[in-house]
There are 2 protein chains.
Amino acid sequence: MTKPAALTAERILQETEEVLRTHGASRATVMDVARALGVSHGTVYRHFRTKAELREAVTRRWLKNASGALVLIVQEGGESAPDKLRRWLSALFAAKRRKAGEDPQLFATYEGLLGEHSQVVEEHIGELVGQIEEILEQGVARGEFRYPHPDPSISARAVFDATAPFHDPKHAAGWHRSGIETEFSAVLDLVLLGVTVPS
Amino acid sequence: MTKPAALTAERILQETEEVLRTHGASRATVMDVARALGVSHGTVYRHFRTKAELREAVTRRWLKNASGALVLIVQEGGESAPDKLRRWLSALFAAKRRKAGEDPQLFATYEGLLGEHSQVVEEHIGELVGQIEEILEQGVARGEFRYPHPDPSISARAVFDATAPFHDPKHAAGWHRSGIETEFSAVLDLVLLGVTVPS
DNA sequence: CAGATGACAGATTTCAATATCTGTCATCTG
DNA sequence: CAGATGACAGATATTGAAATCTGTCATCTG
């Protein structure tokens, strides 16, 4: 048996995720988590002041996991900016869709959680938009891109918004329709035409 | 007193809308409608075979009302295609946002109904995409637009999808945030750059 | 006889009683 | 004494019995 390592916030988060997976968002209680950990619920409250805080921490963790790999694409060199933007957006869509597909129950659960923590979601969006802005900036520097709006961050946001049907969980129900690939690629083409300097 | 005009399907739809407005989607029953009309519920079932059919008819009616004025913009002449597309998309956003704002209770109600009748929603989307396709076609004919995708209808769909945050009810919660106008106008610029022939 | 009715069976919803949960804190334990 | 506990007072969720609704159809009425 593994030794009963000290109860850490991290350990609680892991178990909470498991409880969310098995019970669903609306039925996951702090007591469930405490029971799963074999401690009293008071102990959990020592690490997270409220249930909302605990759920928020799990949400933040999940979002970070979902978008962590993307930053690598931004940093890579040796690729044209249009290719990079294309690859970044495709990776975002693929990651979200995979999450939604492999465990729909859990995904629905997180969808519920996202609604509860708009603050966290906004931070996440800010991070993603920041990455798009970075790619646009690289493209502009290379003479490949133009900003559709004078403000680079608003331009990046426009790219983010225009591709919303392919990364916003609100649209998850449609991510496994046939034809979705075609639609995605058509929007990608449209957006790229919009930001690319005419040859 | 007005004469008790024969009970028509139209009359039932009107009253159903009223009941939906006052009771909300989940609490609106066929019996409520029948009571409001002063008839037995069996009579309502003479015009609509099921509750679902009645709700669907109301939904269809509402969607038609929401998009009816747009077709006029498509048909107008004497305007460049970019201006027309801009105006059409702005009108769509304005109409949806107005609906959502003026009676949020009723809007939420219809949002629920839309989920029940995906068939009707798809028809509605098909109609809107058709109108966009028409505008694109006019623009291509005038040498102002290019198709981002070889297939005109897929191109139109891309324009529709790229502007989803500003017409899809799933995003309605954000339609009264400050900054939404800026975001909309940035996406509009991006999309128009995408479909416009470089000068 | 075309159109309306209301009784009926089964499905769904409501509501109030009951059980469980959240968050606090005085107390316990190693 | 740092960390864990569990009793406790609201708040929230569950449950199942009773009420209401859906959809049908034999019957009624003008």
Side-chain angles (χ1 to χ4, degrees), chain A residues 1-60 105 108-109 111-113 115-117 119-120, chain B residues 1-59 105 108-109 111-113 115-117 120:
Chain A
M1 305 302 162
T2 55
K3 55 178 109 170
L7 186 63
T8 63
E10 176 58 23
R11 183 78 195 80
I12 294 175
L13 288 179
Q14 284 171 12
E15 203 61 47
T16 304
E17 215 162 329
E18 186 54 30
V19 169
L20 284 170
R21 193 189 319 279
T22 54
H23 291 63
S26 57
R27 247 163 272 163
T29 70
V30 173
M31 294 212 108
D32 288 332
V33 175
R35 271 194 292 267
L37 287 165
V39 301
S40 81
H41 74 284
T43 301
V44 173
Y45 277 98
R46 170 165 295 287
H47 295 263
F48 297 92
R49 270 178 313 176
T50 66
K51 182 187 186 185
E53 199 172 278
L54 172 58
R55 288 162 83 94
E56 182 180 314
V58 176
T59 306
R60 183 170 276 119
Q105 153 80 58
T109 295
E111 225 177 314
L113 286 182
E116 291 171 19
H117 308 295
Q119 177 60 43
V120 175
Chain B
M1 305 301 162
T2 55
K3 55 177 111 171
L7 185 63
T8 63
E10 176 58 24
R11 184 76 194 80
I12 293 175
L13 288 180
Q14 285 171 13
E15 203 61 46
T16 303
E17 214 162 332
E18 186 55 30
V19 169
L20 283 170
R21 193 190 318 280
T22 55
H23 291 64
S26 57
R27 248 162 273 162
T29 70
V30 173
M31 293 213 113
D32 287 333
V33 175
R35 270 195 290 269
L37 288 164
V39 300
S40 80
H41 73 285
T43 302
V44 174
Y45 278 96
R46 170 164 294 287
H47 294 264
F48 297 92
R49 270 178 313 177
T50 66
K51 184 188 184 184
E53 199 172 279
L54 172 58
R55 288 162 82 94
E56 182 180 314
V58 175
T59 306
Q105 152 82 56
T109 295
E111 224 177 315
L113 286 181
E116 290 171 19
H117 308 296
V120 174

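Within every chain, numbering begins at 1; the chains are lettered A, B, ... in the order of the sequence lines, protein sequences first and strands thereafter.
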Visitor: Scan Val58(A), Val30(A), Val33(A) and name whichever one has a side-chain contact (heavy atoms from CB on, under 4.5 Å) with Ile12(A).
Guide: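 Checked Val58(A), Val30(A), Val33(A) against Ile12(A); only one passes side-chain contact (heavy atoms from CB on, under 4.5 Å): Val33(A).
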Visitor: Sequence neighbours left out, what passes side-chain contact (heavy atoms from CB on, under 4.5 Å) with Glu10(A)? Give chain and number order.
Guide: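 Thr8(A), Leu13(A), Gln14(A), Arg61(A).
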Visitor: Please convert DNA chain D into dot-bracket. A pair counts if it is Watson-Crick or G-U wobble with both distances under 3.5 Å; crossing pairs go in [ ] and bases paired with another strand get |.
Guide: ||||||||||||||||||||||||||||||
Visitor: Rounded at 0.5 Å granularity, tell me how far NZ in Lys51(A) sits from CD in Glu53(A).
Guide: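 Separation between the atoms: 14.0 Å.
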Visitor: Is there a side-chain contact between Leu113(B) and Glu116(B) (heavy atoms, below 4.5 Å)?
Guide: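 A side-chain contact under 4.5 Å exists here.
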Visitor: Quick one: the side chain of His41(A) and the base of dG23(C), do they pair up donor-acceptor inside 3.5 Å?
Guide: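 Yes, the side chain and the base share a sub-3.5 Å donor-acceptor pair.
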Visitor: For residues 22-29 of chain A, please give each side-chain donor-acceptor pair under 3.5 Å, one per line with the distance, not counting sequence neighbours.
Guide:
unit_1, atom_1, unit_2, atom_2, d
Thr22(A), OG1, Glu18(A), O, 3.1
Thr22(A), OG1, Val19(A), O, 3.3
His23(A), ND1, Val19(A), O, 3.3
Thr29(A), OG1, Met31(A), N, 3.3
Thr29(A), OG1, Asp32(A), N, 2.9
Thr29(A), OG1, Asp32(A), OD2, 3.1

Visitor: Test of understanding: with salt bridge (Lys or Arg N to Asp or Glu O under 4.0 Å), list the residues that count as partners of Glu111(B), not counting sequence neighbours.
Guide: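 Glu111(B): no salt bridge (Lys or Arg N to Asp or Glu O under 4.0 Å) contacts found.
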Visitor: Applying side-chain contact (heavy atoms from CB on, under 4.5 Å), can you list everything that pairs with Thr43(A), at least two apart in sequence or on another chain?
Guide: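 Expected list: Leu7(A), Val39(A), Ser40(A).
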Visitor: Below 4.0 angstrom, which residues in residues 19-40 of chain B have at least one non-hydrogen atom near DNA chain D?
Guide: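 Result for residues 19-40 of chain B: Thr29(B), Val30(B), Met31(B), Arg35(B), sorted by number.
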Visitor: Can you check the Tyr45(A) OH to dT24(C) P distance for me, whole Å?
Guide: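 The answer, rounded to whole Å, is 8 Å.
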Visitor: Go through the structure and list residues passing side chain to side chain donor-acceptor pair (under 3.5 Å) with Thr109(B), not counting sequence neighbours.
Guide: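 Partners of Thr109(B) under the side chain to side chain donor-acceptor pair (under 3.5 Å) test: Gln105(B).
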Visitor: Taking only residues two or more places apart in sequence, or in another chain, which ones meet Arg60(A) in a salt bridge (Lys or Arg N to Asp or Glu O under 4.0 Å)?
Guide: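 So Arg60(A) forms a salt bridge (Lys or Arg N to Asp or Glu O under 4.0 Å) with Glu56(A), Glu123(A).
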Visitor: Do any of residues 46-55 of chain A sit with a heavy atom less than 4.0 Å from DNA chain D, and if so which?
Guide: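 When residues 46-55 of chain A is checked for heavy atoms under 4.0 Å from DNA chain D, the hits, listed by number, are Arg46(A).
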Visitor: Which pair of non-hydrogen atoms, one from Tyr45(B) and one from Thr50(B), has the smallest distance, and what is that distance?
Guide: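 Here Tyr45(B) and Thr50(B) meet closest at CE2-CA, 4.1 Å.
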